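Working notes, structure below.
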Amino acid sequence: MDELSQLIQRAHGGDEKARERLFAVAYDDLRGQARAQLRDGGRNTLLNTTVLLHESFLRFQRAGKLLGTERGHFFAYAARVMRSVIVDFARQRLAERRGGDAVHLSLDAELAENLRAGEDEVIQINDAIEALQAQDPRLVQVVEMRYFAGMTELEIASALGITDRTVRRDWEKARLLLAAMLR
Amino acid sequence: MPVTPAHWKRLSPLLDAALDLEPGQREVFLASLPAEDAQLRDELRELLAGREGVETDDFMNRLPAFSAVPKAFSLGPDSIVGPYRLIREIGAGGTSSVWLAERVDGTIQRKVALKLPHLGLVDRGIAARIARERDILASLEHPNIARLYDAGVDERGRPYLALEYVDGVPPDVYCRREGLNLRDCLAMFLKVLHAVSFAHARLVVHRDLKPNNILISAGCEVRLLDFGIARLLQPEASLASHTLAGAAALTPAYAAPEQFTGQPVTVATDVYSLGVILFELLTDVSPYSPDGRSLGAYEHEVRYVEPPRASRAAVPSEAGELKGDLDAIVAKALEKNPAERYSSVEAFAQDIERHLAAQPIAARPRSFAYVTRKFLRRNALPLALGITVVAALSGALGVAAIQWRDAEQQRGIAVDRLANSQAASTFMTTILMEGMQPGESLTFEQLIARSEKIARQAGRTDVRTRVFAADFLAGWYRANGMYRKADELLTTTIDSMPPDQADVAKGLRCMRAEIWGQIGRAEEGERVLDHEIATPTGDDAVLSQCLIGRSYFAAAAGDGQGAMVFGLRALDKFRAAGTDDYYTQIEILLGIGAAEGLNGDYDAAHAKYAEALEILTANGRERGRAAANLHDEWASVWMNAGNYSRALAELDLGYQILRELTPTAELNDDRRRYRRARILAQLARFPEADAEVASARTLSESRGNMLTIAGVQIAAAEIAVSRGDFAGALRLLDGAREKMRDANVPPGHVLNMRYTMFRAAALAGLGRNAEARTLFTQAIQGYETRNCCKPQISFALAQRGETWIADGDLGAADTDAARARELAQTSGADSFSRFAGRAWYVTGRLAESRGNARAARDAFATAAVQLAGSIGDAHPETRRARDAITRVTGRIATQKDI
């Protein structure tokens with residue numbers, strides 16, 4: 001934790017490099033944890049993103065207090081990492097299923113179809129918000145934090161420095177738009 | 001009708017308004033929308049229709065479950081992996097399992113050891129990496145290296161490595177079991193060293209040497225396993241960043257300090273691991289005894305704790321044999337600093353051979369004198385100054401010394417490695433001490449003059465000392481824009497090189513060719529580089545230097561793809577050379593970054609620059625000359641990306657660093673000045689831009705830097721265009737044409753592209769639309785054939801679009817504007833681009849011409865935001881966009897009134 005504390009100290013001092021490095025460490029940390037969990041999970045793996053996220057945050061918090069905006073950046077960044085891990089995983093799963101046959105035999109057809117739908121949903125939502133990125137980056141951020149990282153509206157509000165009412169509205173709009181796009 | 005995010009910016013506020021209403025009132029609201037918003041109304045209706053569904057069916061409320069892990073991933077006897085059938089497991093470790101296996105198709109009868117990395121450790125890049133390195137590893141044919149027969153990824157994405165199956169035991173077990181005496185044991189160890197050395201000569205570093213990877217079979221047959229495979233299995237990300245996190249293979253008990261700290265892995269890393277193995281062979285114990293076996297515990301020991309002498313660690317009855325030579329040999333292999341270890345495994349082996357033959361060895365016992373000497377060498381210059389000279393010299397030399405040390409490191413070609421401490425210290429002694437009287441001070445100019453003397457003393461000075469001086473001086477000249485002097489000096493040095501210094505001469509020739517690019521001999525320089533790259537050399541560091549030079553040439557010609565290819569090859573050779581010369585590594589990173597910038601991948605480019613800066617920072621050189629150069633180059637990436645505020649900040653940081661290094665010297669960098677002039681012009685700071693142009697012009701002319709002279713002239717035209725003096729710009733460009741001819745600027749060179757662009761812009765400004773369009777088209781095609789410079793294409797399209805509007809062809813303008821927007825897309829919420837600004841501006845003008853005031857207002861607003869963020873509030877273009885907003889907003893109000 002030594003390096004981490006130092007980095008946080010330096011980031012407080014306005015050291016951009018330290019801040020970037022901090023994010024690199026956060027990235028490795030989150031990605032490693034998330035992949036381990038996905039890997040070890042058996043059937044119906046449900047990644048507990050909320051817990052992962054907060055555990056990682058706590059590790060950083062213990063090393064040195066993350067100040068207001070750094071805290072917000074951390075969550076926004078972490079949510080993006082989560083999104084990439086989950087989407088990669090979903091893609092990998094789809095590819096494996098296309099190649100492998102063992103699973104299909106052991107599952108009834110309907111269940112297999114349902115499960116597949118989960119991966120498809122993740123990928124479709126990812127593609128849809130990618131298309132939205134240029135138009136409305138904040139909306140994309142809210143989707144990342146809420147859907148991929150499982151953060152609450154209040155957490156998102158405090159991370160992004162907006163009111164929870166705005167987050168609720170953003171989320172509502174995002175769901176409407178994405179539902180329409182995926183229809 | 002499918003909803004797309006295309007209209008989201010306009011849709012979003014309307015959706016807000018609708019959601020604020022009671023459900024029953026929404027239809028009324030939709031109906032009240034103006035007729036021109038019919039499409040938006042339909043989309044809104046579509047969105048709102050989904051509302052009930054979204055609220056009841058839990059849409060997106062949580063992540064869906066993923067399907068089960070396919071069972072096929074569990075392995076057992078008779079499982080099939082690629083073309084192999086597993087027979088039985090013969091080993092399992094933290095990173096992989098190893099199976100005895102045979103080919104399914106029976107084409108080859110032999111059994112192999114099939115290594116299967118645990119899937120969790122495998123990233124998606126592995127297939128490409130295996131394909132890339134398989135052939136190199138498979139070509140390592142040596143009686144003491146276990147062969148890699150085959151490697152690949154099966155249809156399920158599982159990587160496999162088919163290795164020669166070896167039946168043997170680790171060396172310590174072997175020595176103990178066979179009761180070998182010390183001599184025989186060392187003879188066996190020598191076989192190991194020779195095998196490693198063989199692989200190093202083929203540019204393969206093992207990275208994970210440990211007893212379990214060295215098997216001795218009956219009859220003392222040595223076989224090394226897993227050569228180069230650690231690297232193969234390392235995740236791509238950690239390869240690039242050198243971070244330990246996520247590294248697949250690391251055995252802490254045998255890992256070198258640099259493997260814990262993420263420094264580059266080199267042949268010295270293998271030397272270290274072999275040192276640990278030898279220590280254990282000699283003493284039966286590990287050199288380290290951490291509390292616990294965790295990575296962290298080992299890291300601390302390995303990085304900070306000095307291992308005991310082997311003779312101390314051994315049982316007393318055997319200590320006598322180890323005292324002296326063997327203690328010294330082991331200690332040298334186990335140095336914490338890679339540069340202090342044996343420079344090669346061969347040197348390590350030679351010392352053991354000399355010991356066995358009772359000759360003096362190279363490693364010295366650690367007496368006080370030895371330790372002092374080592375300390376002196378490690379801190380060569382500052383200490384020399386501190387003890388002997390500084391008392392007599394003024395502060396000027398202190399500054400000079402810092403600058404000198406920096407320049408010396410900056411040029412990282414093989415010369416640097418060749419110019420070993422002997423040459424360096426001769427150079428230093430001569431330059432600093434010879435003829436110095438107590439109380440006398442040495443100015444930087446005198447320092448340079450003395451270096452020149454040494455560099456030119458053909459015949460009288462040791463050739464390496466001379467090369468050392470020439471290399472330092474040429475680097476210094478170049479960094480200060482004195483290309484002709486650098487060229488002349490290098491030519492003299494090259495001409496006087498003895499034939500046995502072919503690699504050094506090659507390095508110098510490549511350095512000179514690179515400089516030619518600046519003095520109107522680009523084509524010739526490029527030919528030389530191509531030739532040097534094509535002719536074989538044993539020195540990968542030199543080759544890497546030539547390749548990076550070639551990459552810069554490609555970049556200068558706007559050939560982003562070429563720059564990328566050469567940059568990556570340079571990186572490859574740099575890694576193969578196994579030096580820890582981070583200055584070259586940085587040059588390569590900058591080259592690749594520049595290429596990525598050219599290819600429009602600015603995020604990737606910024607990442608390269610950040611990485612390079614991180615390396616410098618880690619080495620405490622973030623305020624050195626190389627760092628200054630890095631910030632300069634970074635500035636041009638920001639420029640190309642259209643963010644001039646950031647570009648100026650980077651450029652000025654580079655300048656500030658240079659100033660710290662040389663507070664008094666005149667900074668004669670004409671290129672920096674004209675680059676700064678261009679940025680200032682974009683930021684509408686015209687008087688400052690003019691001043692920079694003037695001084696850049698004087699400097700470049702006085703030195704005959706033809707390329708810069710032409711560049712400065714075009715920059716002057718660019719400034720004229722920015723401030724609206726189009727006729728003046730045309731005159732300047734006419735002059736530039738001549739200067740470009742003098743400089744032999746090749747047709748595809750960026751200067752030519754810039755010339756065309758600004759000429760077109762000037763013509764457009766004068767209302768000569770048709771002529772302007774022809775040139776814009778020419779510029780666009782030029783960039784397109786080079787497959788680069790998306791923002792610049794966008795910029796040309798936007799301006800061509802404006803000429804179409806002026807001529808009333810709105811359809812053509814629409815096409816150009818749409819493409820301009822697409823190509824100018826920015827990467828994130830906080831990144832702004834003047835190119836995006838221009839693209840949205842033409843979009844606004846188009847909407848305005850069509851009488852759609854709302855659409856025009858939205859487009860102008862976007863343009864204003866982009867422009868303000870990239871070229872500032874004060875810029876005429878920003879103001880123009882803001883004025884346009886006011887103008888069309890007035891019209892919206894009027895339309896309402898009607």
Side-chain angles (χ1 to χ4, degrees), chain A residues 17 20-21 24-25 28-29 31-32 35-36 38-39 41-47 49 86 88-90 92-93 95-97 99-103 106-107 112 115-119 121-122 125 128 131-132 134-139 146-148 150 169 172-173 175-181 183, chain B residues 2-9 11-12 15-16 19-20 43 46-51 53-55 57 59-74 118-121 123-124 154-157 237-238 241 243-246 607 610 613-614 617 622 825-830:
Chain A
K17 292 290 95 184
E20 279 169 27
R21 176 85 194 112
V25 174
D28 287 342
D29 188 48
R31 202 177 167 84
R35 288 179 80 174
L38 284 166
R39 193 166 64 237
R43 176 182 293 187
N44 295 355
T45 305
L46 182 66
L47 183 66
T49 47
I86 291 165
D88 281 356
F89 186 75
Q92 191 185 329
R93 274 293 160 84
E96 281 164 11
R97 293 164 58 84
D101 47 3
V103 169
S106 65
L107 294 170
L115 290 174
R116 191 187 176 86
E119 285 131 15
E121 179 188 300
V122 165
I125 287 176
L132 193 59
Q135 304 281 327
D136 198 340
R138 193 180 75 198
L139 211 64
R146 179 75 181 73
Y147 179 71
F148 286 104
R169 170 53 64 80
E172 183 178 14
K173 281 159 68 184
R175 287 170 79 203
L176 289 175
L177 176 63
L178 291 170
M181 285 172 75
R183 219 171 283 152
Chain B
V3 178
T4 65
H7 305 112
W8 180 248
K9 279 215 171 98
L11 212 49
S12 176
L15 182 58
D16 269 326
L19 288 172
D20 283 340
E43 291 193 5
E46 176 87 15
L47 286 178
L48 290 166
R51 195 155 181 274
V54 165
E55 272 177 353
D57 82 359
F59 174 65
M60 282 179 74
N61 250 351
R62 60 194 188 94
L63 271 178
F66 289 135
S67 55
V69 179
K71 279 183 187 151
F73 280 90
S74 62
H118 295 324
L119 272 172
L121 299 163
D123 63 322
R124 285 184 296 156
D154 77 353
E155 63 282 1
R156 292 202 181 88
S238 71
S241 65
T243 53
L244 188 66
L613 187 57
E614 203 174 300
T617 309
E622 74 274 19
Q825 256 177 22
T826 54
S827 55
D830 58 345

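Sequence lines set the chain letters: A, B, ... in the order given, protein chains first and strands last, and positions in each chain run from 1. Just so you know, these numbers use all the heavy atoms, side chains as well, and skip hydrogens, waters and symmetry mates. Please read all numbers here as calculations on a predicted model, not as lab measurements.
Evaluation of the side chain to side chain donor-acceptor pair (under 3.5 Å) rule for A/Lys17 yields A/Glu20 as partners, not counting sequence neighbours. B/Asp16 pairs by the side chain to side chain donor-acceptor pair (under 3.5 Å) definition with A/Arg169, A/Lys173, not counting sequence neighbours.
Taken to the nearest 0.5 Å, the CZ atom of A/Arg175 stands 13.5 Å off from the CG atom of B/Leu47.
Considering all non-hydrogen atoms of both residues, A/Leu176 and B/Leu15 come closest at CD1-CD1, 4.3 Å. B/Lys9 and A/Gln135 make their closest contact through CE-O, 3.3 Å (heavy atoms, listed as atom of the first residue, atom of the second, distance).
Heavy atoms of A/Ile125 lying under 4.5 Å from chain B belong exclusively to its side chain.
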